[in-house]
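Below is one structure, written out as structure tokens, with a few remarks after it.
Values in this document were obtained by computation on a predicted structure and should not be read as measured data. Side-chain atoms are counted along with the backbone in the values below, which use heavy atoms only and exclude waters and symmetry mates.
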Amino acid sequence: MKLQKNTVLALYSVLEFAANPGRHHSAAEVAHKYRVSPHHLAKVLRTLGRAGLVGAVRGVGGGYRFAGNAKRLTLMDVIELFEDISAPRRAGPRAARRSGGAEKGVAAPFEVEDALGVVLKEIDEITKATFRSITLDTMLKLVERRRGARGI
């Protein structure tokens, strides 16, 4: 599963905010850190705000802060806000389906397509289950372990 830029940016932002839940982060600060346009980030933050994951405070000392529960919120909760994770429609070789059978002992193209589709669907389901099993809290602990391993 390849994630869109908005989705990855949302994950970065939510993890950034969840790491310091009491602190307000400016959109410009986060945009600079992850090298994206503040305008692009603002769109992502609006979506996160509508979902109740971040709160916004205007004025001096304002910004965005984490409003969720890092121990319960999963990566999939964030991903689903930006991605259509339903099974993709297959666009296989339609002509092969109409052409009749294949030679004896040789798989017809649509049989290969169907078998591959089963495998790809299973991979997607495993990926989704993995994203559903990882909370923001778990990710933050992983970040800390990696930071410690590099001596940062």
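Residues Phe82 and Leu48 meet the side-chain proximity criterion, which asks for heavy atoms closer than 4.5 Å. Counting heavy atoms from C-beta outward, His25 and Asn20 have side chains that approach closer than 4.5 Å. No side-chain heavy atom of Val44 sits under 4.5 Å from any side-chain heavy atom of Val36. Side-chain contact between Val143 and Leu15 is absent, with no heavy atoms from C-beta onward closer than 4.5 Å. Counting heavy atoms from C-beta on, the side chains of Lys71 and Thr135 never come closer than 4.5 Å. Residues Phe66 and Leu136 form a side-chain contact, since some pair of their non-hydrogen atoms from C-beta on lies under 4.5 Å apart. Looking at Leu142 and Thr138, their side chains never come closer than 4.5 Å, going by heavy atoms from C-beta outward.
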* **Worked verdict on Leu53 versus Leu81 for side-chain contact (heavy atoms from CB on, under 4.5 Å)** => CA-CA 11 Å; Leu53 301 183; Leu81 296 172; 3.7 Å; yes

* Asked: How far apart are the C-alpha atoms of Thr130 and Thr127, what are their side-chain angles, what is the distance that settles it, and do they pass the side-chain hydrogen bond (donor to acceptor under 3.5 Å, both in side chains) test?
  -> CA-CA 5 Å; Thr130 301; Thr127 302; over 6 Å; no

* What do the steps show when you test Phe131 against Leu11 for side-chain contact (heavy atoms from CB on, under 4.5 Å), and what is the final call? -> CA-CA 12 Å; Phe131 283 141; Leu11 289 168; 6.0 Å; no

* Please test Val30 against Leu41 for side-chain contact (heavy atoms from CB on, under 4.5 Å), starting from the C-alpha separation and ending with a verdict. => CA-CA 8 Å; Val30 176; Leu41 178 63; 3.7 Å; yes

* Mind running salt bridge (Lys or Arg N to Asp or Glu O under 4.0 Å) on Asp124 and Lys128 for me, showing each step along the way? => CA-CA 6 Å; Asp124 278 348; Lys128 291 175 199 176; 5.8 Å; no

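The structure places CZ of Arg132 at 12.0 Å from CG of Leu75, a figure rounded to the nearest 0.5 Å. Here the CD-CG distance, from Gln4 to Asp84, works out to 9.5 Å after rounding to the nearest 0.5 Å. To the nearest 0.5 Å, atom CE of residue Met139 and atom CG of residue Leu73 are 12.0 Å apart.
His32 NE2: 12 or fewer foreign heavy atoms inside a 6.0 Å radius.
At a threshold of 4.5 Å between side-chain heavy atoms, the hydrophobic network of Ile, Leu, Val, Met, Phe, Trp and Tyr places Val112 and Ile123 in two separate groups. Leu45 is connected to Tyr34 through a chain of hydrophobic side-chain contacts under 4.5 Å among Ile, Leu, Val, Met, Phe, Trp and Tyr, so both are in one cluster. Both Ile79 and Leu140 sit in one connected hydrophobic cluster of ILVMFWY residues. Membership requires side-chain heavy atoms under 4.5 Å apart, directly or through other members. In terms of hydrophobic clustering, with Ile, Leu, Val, Met, Phe, Trp and Tyr side chains grouped at heavy-atom distances under 4.5 Å, Ile134 and Val14 are assigned to a common cluster.
Exactly one of Lys43, His40, Glu83 qualifies for a side chain to side chain donor-acceptor pair (under 3.5 Å) with Asn6. That residue is His40.
Comment: Glu144 engages Arg147 in a salt bridge, judged by a side-chain N to carboxylate O separation of less than 4.0 angstrom.
Counting all heavy atoms, side chain and backbone alike, Ser37 lies closest to Ala31 at C-CB, 4.1 Å. Nearest heavy-atom pair across Ala18 and Ala70 is CB-CB, 4.5 Å.
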